Q: 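Here it is, the structure in full.
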Amino acid sequence: MTETIAKRRVLSGMRPTGRLHLGNYMGALYNWVRLQDEYDCFFFIADWHALTTDYAKPGDVWQKSHDVALDFLAAGLDPQRTVIFKQSDVPQHAELHLAFSMFTPLGWLERVPTYKDQQEQLREKDLATYGFLGYPLLQSADILLYKPAFVPVGQDQVAHIELTREVARRFNQLYSSAVTPEVAAAKSDKELMKAEISENVIESAIFPEPQALLTPSPKLPGLDGRKMSKSYGNTIGLTESPDEIRKKLKTMVTDPARVRRTDPGNPDVCPVGDLHKVFSSEETLAKVYDGCRSAGIGCIECKGWASDSIIRELAPIAERRHALEANPRLVDEILQDGSERAAKVAKSSMQEAKVALGLARR
Ligand code: TRP
Ligand code: SF4
């Protein structure tokens, strides 16, 4: 007899920043593509989240979401195996967010570190809004709707997953009618309290607590040596042409100790060295270390090799992107299909939540 074991579920989202860069790729997508082999994957574009910071000037969020979807597919997310969709196409995200807002203490949201940090970093924007405070609560709804076991994210999102777990716990405590054998058999309040924290209750919880899956993300410097980020304007695009990549790398900062060609350098303190560590073969890396430390190679040559390595990694992605661009309706169809598959799960969770909240008949 063949037994099919249900794969555990993974879910994650990305804000629609437009065409993705190498940092987005190595920090998230690269890992997501590999997770598809082992998990039941849901990946979505968090377009509502774009409005939490850019409500005053949203621009073409639709276009940016579309570009991100193209890059998801170009990078190798496979719509056959994976559910790929846009947050705003599945209205249950907004609905569950509203439900959660009823019982989430303001203090929980005010204490999320990104709340104050982002307000300080984005001083030019007025982020004293209801939506911005609720950013991580919307994220909690995004996640819990699908009851995933894991949420692959970077370190910067861990506090949001922690909040998600607290929200799940609070919902379960407030609204799960814990009809486990222990609860049914309880003869006193004391016994009932004990029964309610038994393992069985947690298993029957409406929203299981998901875990963050901290995906390894190598240090990826931008052209100026700072972290690669769209807001610094120091990025290399995921689907830039080989010529553009070579041109950009030529301007990249190097070990400041190598002023002249004859000065030895150290790849460990050079941003180009960091790129080699991520994208180059052992062989090339050995040549870089030798040549740089002995001043046997020049930075121009070294940057040429780094370009080769990056271009090799990105070639299949560029190829898939071109194929998709030739068929513009395809992305719409994939997102449409994805939102239908996502909605099946989201509707069922939302119905359970409504019953638990007393809004719908059992
Ligand atoms: N806040 C996440 C980020 O900035 C994006 C996001 C929104 C997300 N909803 C999510 C990530 C749900 C994981 C799960 O990267
Ligand atoms: Fe950096 Fe390469 Fe120049 Fe060394 S040779 S400083 S690693 S660019």
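Whatever order the structure lists them in is the order used to number ligands and atoms, beginning at 1. The structure presented is a predicted model; accordingly, all values stated were derived computationally and were not measured.
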Q: For atom NZ of K347, is the number of surrounding heavy atoms from other residues, nucleotides or ligands below 6.0 Å larger than 12?
A: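 Check fails, neighbour count at 12 or below.
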Q: Determine whether W108 and V167 satisfy the following criterion, side chain to side chain contact (heavy atoms under 4.5 Å, CB included), listing intermediate values before the conclusion.
A: CA-CA 9 Å; W108 288 13; V167 170; 4.3 Å; yes
Q: Just grab all the side chain to side chain donor-acceptor pair (under 3.5 Å) pairs involving residues 290-307, residues at least two apart or on different chains.
A: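 Found none.
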Q: If we ignore angles and hydrogens, is there a donor and acceptor under 3.5 Å between the side chains of T104 and S101?
A: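 Checked: T104/S101 side chains show no N/O donor-acceptor pair below 3.5 Å.
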Q: Should the heavy atoms of other residues, nucleotides or ligands under 6.0 Å from NZ of K277 be counted, would the total exceed 12?
A: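 Yes, the 6.0 Å shell around NZ holds more than 12 heavy atoms from other groups.
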Q: For a distance cut-off of 3.5 Å, show me each N or O of ligand 1 paired with any protein N or O, plus the separation.
A:
unit_1   : atom_1 : unit_2 : atom_2 : d
ligand 1 : 1 (N)  : Y135   : OH     : 2.8
ligand 1 : 1 (N)  : Q139   : OE1    : 3.0
ligand 1 : 1 (N)  : Q157   : OE1    : 3.0
ligand 1 : 4 (O)  : Y135   : OH     : 3.2
ligand 1 : 4 (O)  : Q157   : NE2    : 3.4
ligand 1 : 9 (N)  : D142   : OD2    : 2.7

Q: Would you confirm whether H276, through its side chain, and C302, through its main-chain N or O, come within 3.5 Å as a donor-acceptor pair?
A: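 Yes, H276 side chain to C302 backbone: donor-acceptor pair under 3.5 Å.
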Q: Could you enumerate the protein N, O or S atoms under 2.8 Å from atom 3 (Fe) of ligand 2, written like residue then atom name?
A: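 Metal shell, protein only: C299 SG.
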Q: With a 4.0 Å cut-off on N to O distance, would you call E240 and R19 a salt bridge?
A: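 Salt bridge between E240 and R19, a charged N being under 4.0 Å from a carboxylate O: no.
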Q: One pair to check against salt bridge (Lys or Arg N to Asp or Glu O under 4.0 Å): D37 and R81. What are the steps and the verdict?
A: CA-CA 9 Å; D37 298 330; R81 290 186 285 166; 2.8 Å; yes
Q: Keeping to residues at least two apart or across chains, list the side chain to side chain donor-acceptor pair (under 3.5 Å) pairs with something in residues 119-140.
A: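 Sorted pair list: D54-K125, Q139-Q157, Q139-H160, S140-T164.
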